There are 2 protein chains.
Amino acid sequence: MHDPLAGKLSRYVPLSVADRMWLAEALGPARSIAARADIIDEGDDPHAVNVILEGWACRARQLADGRRQIVSLLLPGDSCNPHIFLLDRMDHAISAVTPVVYASIPGAALESLTARSPNLDRAFQREALATAAIQREWTVSLGCRSGIERLAHLFCEMRARLAAVGLATRTTCPLPLTQHDLAHSLGQTSVHINRTLQELRAQGLITLRSRRLTIHDPSRLAELAHFDPAYLHFTVGMDPPPIEP
Amino acid sequence: MHDPLAGKLSRYVPLSVADRMWLAEALGPARSIAARADIIDEGDDPHAVNVILEGWACRARQLADGRRQIVSLLLPGDSCNPHIFLLDRMDHAISAVTPVVYASIPGAALESLTARSPNLDRAFQREALATAAIQREWTVSLGCRSGIERLAHLFCEMRARLAAVGLATRTTCPLPLTQHDLAHSLGQTSVHINRTLQELRAQGLITLRSRRLTIHDPSRLAELAHFDPAYLHFTVGMDPPPIEP
DNA sequence: ACGCCGCACTCAAGTAGATCAGTCTTTCGT
DNA sequence: ACGAAAGACTGATCTACTTGAGTGCGGCGT
């Protein structure tokens, strides 16, 4: 997709041609950053909203003793928090998982944008609410899903979110996370992630090879994960609903 | 505190007398609800913002097989998501932990309120950002803190958040959660919570009796928990900073 | 085309926390 | 004031996941 930000926002509220134009105007120049580099550091003062255009990034917190937790994954079209510039200090870092292309919307530009278009304002608000819902679902996963369920759930979520910006089909999507990244996202060790992946493969549910995920049986995977896409709150142009046999 | 909503919002942005008056006007009549009852159910269509005036509530998700996770705790002054009415379906329930007194701000009233006072608008925005940060911190706890660290962290957070609305001193605060509630919040069983509590008591860090928590050594507890209050993003009228010896 | 380094993967202990099946204590309704 | 129920607490056993110390493959830079 050429404009993943408009693509994603239009999943929450239909956008007019003018909306898309204003959005494109507000976006600063595209910047590139290497895999594993930081887009913003913990402690920095955020003054703009960064939007991922290509590649994957993550929000991560690091404890004093080195333990690291990935608290969310940012895909093309995701923004690193609208209005984040209202806070004066980042409480987490945003790092590139793959090489990333991103652009910023300066605080003032975002405010004039939402003042001009109530539509866009609503879209940003709903996006923020959906992001919060995703964060809650991660809390649920860590709190009460087992290793295999967590992994299955993450795969279902990634496929669905990527599909929303045209980067996944019903059964396949990119998945450029290393087993270490998965471990840091799911609160487990990479050793255990490795075994759990093999279990999912042995059950014939997925293939994961050269950074690409294939889901052989989406409904069995969703069932295993207790995955219910309602929390993603996409309302416009959903994935076609599954056909009952 | 008589007006916990204004009290809490003024931790993010100083409020004028007019702001406080408008806020009070927008608030609907106070309603009471029994402990353990639901304020909103999963699946309901939210049409107003509920604000807790007295008592504790929680957001909770339930999986199909009965597993339950408390994803956040709502204290006096906390709102159940400004702008939540933009979504059409609750993805989680909000239930009372203790008897709760709450009031609603209808969607339209909130919108005219934020249109009238940019100050209040900012305060709500910052509150939403702080709420998101708290959710991320819970993700971190579940992802990489041990049982005893999680419990210590929760205690530090609750004391700090209650202090922000005048309901806690430096060393003591109400804590009306059962060991079952703690278990559901921290992704563990009540059996294990019980043992962990005893460990905290044995180390002389806390007393927890008849729904009241006393922290005997706040800085040792914070250290154990890796608790850094920065993520709460209170900026106005912080707890006085600790005095270096 | 070669060497290197990150990543996937393996094995053998060790452990935090779960499970189950209780007893004891406090709270609360009538 | 009494009984019932909710909550706190215990002990024995079990297991999902961690730890640490590896091997081998494959993709990347020079």
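Within every chain, numbering begins at 1; the chains are lettered A, B, ... in the order of the sequence lines, protein sequences first and strands thereafter. Nothing here was measured: the structure is a model prediction, and the numbers come from that model.
B/T189 comes within contact range of at least one nucleobase, with a heavy-atom separation under 4.0 Å. Using a 4.0 Å heavy-atom criterion, one finds that B/S146 contacts the sugar-phosphate atoms exclusively.
Following rounding to the nearest Å, B/R36 (CZ) and D/dA5 (P) show an atom-to-atom distance of 18 Å. Summarising the geometry, the separation between CZ on B/R145 and P on D/dC17 is reported as 21 Å, rounded to the nearest angstrom. Distance A/L197 CG to C/dA8 C1': 10 Å, rounded to the nearest Å. In this entry the distance linking CD1 of A/I193 with P of D/dC17 reads 10 Å, nearest Å. Nucleotide C/dC11 holds its P atom 15 Å from the NE2 atom of A/H192, rounded to whole Å. Across the protein-nucleic acid pair, A/L142 atom CG and C/dG17 atom C1' stand 16 Å apart, rounded to whole Å. Atom CD of B/E199 is separated from atom C1' of D/dT10 by 16 Å (rounded to the nearest Å). Following rounding to the nearest Å, A/R209 (CZ) and C/dC9 (P) show an atom-to-atom distance of 11 Å.
Picking from C/dC11, C/dC7, D/dG11 the nucleotide with the shortest atom distance to the side chain of A/V191 gives C/dC11. Comparing C/dA18, D/dA8, D/dT10 by their nearest atom to the side chain of B/Q188 picks out C/dA18. Of the listed nucleotides (C/dA8, C/dT19, D/dG20), C/dT19 has the atom at the smallest distance from the side chain of B/R195.
Phosphate proximity of D/dG7 to B/Q179: absent, as no side-chain N or O sits under 4.0 Å from OP1 or OP2. Side-chain nitrogen and oxygen atoms of A/Q198 include at least one within less than 4.0 Å of the OP1 or OP2 phosphate oxygen of C/dT10. Distances shown here put a side-chain N or O of B/R201 below 4.0 Å from the OP1 or OP2 atom of D/dC9. Contact annotation: A/N194 side-chain N/O to C/dC9 OP1/OP2 distance is under 4.0 Å.
Side chains of B/H92 and B/R59: a donor-acceptor N/O pair is present below 3.5 angstrom, by distance only. Side-chain polar atoms of A/E54 and A/Y102 form no donor-acceptor pair below 3.5 angstrom.
A distance of 10.0 Å separates CD1 of A/I215 from CG of A/D217, quoted to the nearest 0.5 Å. Rounded to the nearest 0.5 Å, atoms CD (B/Q69) and CG (A/L142) are 8.5 Å apart.
Of the candidates A/R211, A/R68, A/R36, A/R36 is the only one forming a salt bridge (charged side-chain N to carboxylate O under 4.0 Å, His left out) with A/D181.
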